[in-house]
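These notes concern the structure reproduced below.
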Protein chains: 2
Amino acid sequence: MNDESDEPARQRLTRAEAKSRTRALLLEAAAKTFARKGYAGASVEEIAEGAGFSIGALYSNFGGKEELFLELAATYNSSLISRAAEVLHEHEAGDARAADLGRLLADSADRDVDVALLRSEFWLYAMRNPAVMETLAARLREPRSALEGLVGPTLEQLGAPPEASAKAVATVVAALFDGLVRQRQIDPAQVPDELFGLALRWLFTGIGAA
Amino acid sequence: MNDESDEPARQRLTRAEAKSRTRALLLEAAAKTFARKGYAGASVEEIAEGAGFSIGALYSNFGGKEELFLELAATYNSSLISRAAEVLHEHEAGDARAADLGRLLADSADRDVDVALLRSEFWLYAMRNPAVMETLAARLREPRSALEGLVGPTLEQLGAPPEASAKAVATVVAALFDGLVRQRQIDPAQVPDELFGLALRWLFTGIGAA
DNA sequence: GTCTATATCAAGATAGAC
DNA sequence: GTCTATCTTGATATAGAC
């Protein structure tokens, strides 16, 4: 009784808190390990060790490697969108806005290389497990529609033609970003910071001129 | 002596021919297996069986799984460029050209899903093996400069500004294509055929209007 | 709840027969 | 040159101690 009632201020954790903390640490370690070794290449032992636990602890918290991986895939929403929204609201339409946005995208990509690795792992896994592909598609719908909301006003402002729907343009922007991020890892010199902004400017200029 | 000198017209193969045929079959099976299972997930046994040979035959022709994989990575140049060049020469500049080119790209992507899978596998492998990344970058230089040669004339025709160099635009086009192909596999409805052409049109229109 | 020890299995690679 | 048999390793998952 003493421990639980007299010292709640210390970092004593309830059983539930301890468990959820263990889960969080395991998920974090799993993300790092899957990014570094790939899904098939990663071992549960390495994940457990990375989190500072044993294999047993891992299996007591998750069904196994696959469940850990799918849980991660469900979690990884691109939080990038919200920061992009800030940039868009800070500036009026124009070249400066595209350049700033481009820098933001390039910087985030450089900072979170693991995200790109994991996204590729998720994609490959889903390509090989059709049941998971549907989940992945659903998971990407939210950030995608957020992106649509971001480009929508710009399109109206430009007087974009009907074929340049927010959905279509958002898809193109996301694809462009994805592709540039990957190519930048292969050859950074070929994909300088400015290229992100330039490409966006070309794209929206073209849509406005149609 | 009879066998070798009297029946050359039959499918009798010299030792060297037999070996190179075995190698080709193994490489083909390896491509299929790596695409379906991934690098780490593929087993040499499955590759050998897929080619109709034993594990021993595989090791007699290749150093092992990694060598097989790297040999494949070296081979896979995008032969797409040459077909794209045809389309570009068939049409005058304009919307029809972009639309046709878009259809071509979308169709090839749908036909060769394995290519997209393997390209992702190569990228991930290179991301995790820096020594290989340089090779991958070198390997991509040829098709990339071919693409530059393709977009160059169009850029001149458009009176493109200096920041829209052939290199920069080629990078953007390749990234766009890559991204759209991947997204199309996740949700085909979101990436219709026309989008490839539309995106190209927007891009080049924007470059010309700058 | 977490750890240690282990059963079980699959994979990469090799050696020697043919 | 190719096949069969095998060595060796490393991984998933579980069971029982604490």
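To find a chain, count down the sequence lines: A is the first, B the second, and so on, and within it residues start at 1. Atoms considered below: every heavy atom in the structure, side chains included; atoms not considered: hydrogens, waters and symmetry mates. Note that the structure is predicted; figures quoted are calculated from it, not measured.
One atom, CD of A/Glu46, and another, P of D/dT9, lie 19 Å apart when rounded to the nearest Å. Atom CD1 of A/Ile47 is separated from atom C1' of D/dA13 by 14 Å (rounded to the nearest Å). Distance, A/Arg23 CZ to C/dT2 C1': 15 Å, rounded to whole Å. Note: CZ (A/Phe62) to C1' (C/dT2) measures 14 Å, nearest angstrom. The CD atom of B/Glu66 sits 14 Å away from the C1' atom of C/dA13 (whole-angstrom rounding). Rounded to whole Å, atom P of D/dG10 lies 12 Å from atom NZ of A/Lys37. Regarding A/Leu68, its CG atom lies at a distance of 11 Å from the P atom of D/dT12, rounded to whole Å. Distance, B/Glu49 CD to C/dA11 C1': 13 Å, rounded to whole Å.
Of the candidate nucleotides D/dA13, C/dC3, D/dT2, D/dA13 has the atom lying nearest to any side-chain atom of A/Ile55. If you check C/dT2, D/dT12, D/dT2 against the side chain of A/Val44, the one that comes closest is D/dT12. Taking every side-chain heavy atom of B/Lys19 into account, D/dG1 is the closest of D/dG1, D/dC3, D/dA11. For A/Glu45, the side-chain atoms get nearest to D/dA11 when compared with the rest of C/dT14, D/dT14, D/dA11. With distances taken from any side-chain atom of A/Phe53 to the nucleotides C/dT14, D/dG1, C/dT2, the minimum falls on C/dT2. Relative to the side chain of B/Ser60, the nucleotides C/dT2, D/dA11, D/dG1 differ in distance, and D/dG1 lies closest. Distance from the side chain of A/Asn61 is smallest for C/dT2 among the nucleotides C/dG12, D/dT2, C/dT2.
Note on B/Ala51: nothing from the nucleic acid sits closer than 4.0 angstrom, heavy atoms only. Using a 4.0 Å heavy-atom criterion, one finds that B/Gly64 contacts the sugar-phosphate atoms exclusively. Here A/Ser43 lies in heavy-atom contact (under 4.0 Å) with sugar-phosphate atoms only.
A distance of 11.5 Å separates CZ of B/Arg21 from CG of B/Asn61, quoted to the nearest 0.5 Å. Put simply, CD on B/Gln183 and CG on B/Leu195 are 10.0 Å apart, with the number rounded to the nearest 0.5 Å. A/Asp110 CG to A/Asp193 CG: the interatomic distance, rounded to the nearest 0.5 Å, is 7.0 Å.
Between B/Thr22 and the phosphate of D/dT2, there is a side-chain N or O to OP1/OP2 separation shorter than 4.0 Å. Within the 4.0 Å cut-off from OP1 or OP2 of D/dT12, at least one side-chain nitrogen or oxygen of A/Lys65 is found. Residue B/Tyr59 places no side-chain N or O under 4.0 Å from the OP1 or OP2 atom of C/dT14.
Aromatic rings from A/Phe122 and A/Tyr39 are positioned such that their centres are separated by 6.0 Å or more.
Residues B/Arg97 and B/Asp100 are not paired through a salt bridge, judged by the lack of any N-O separation under 4.0 Å between the basic side chain and the carboxylate.
Ring orientation note: the planes of A/Phe69 and A/Phe34 are nearly perpendicular, at an angle over 60° on the 30°/60° scale.
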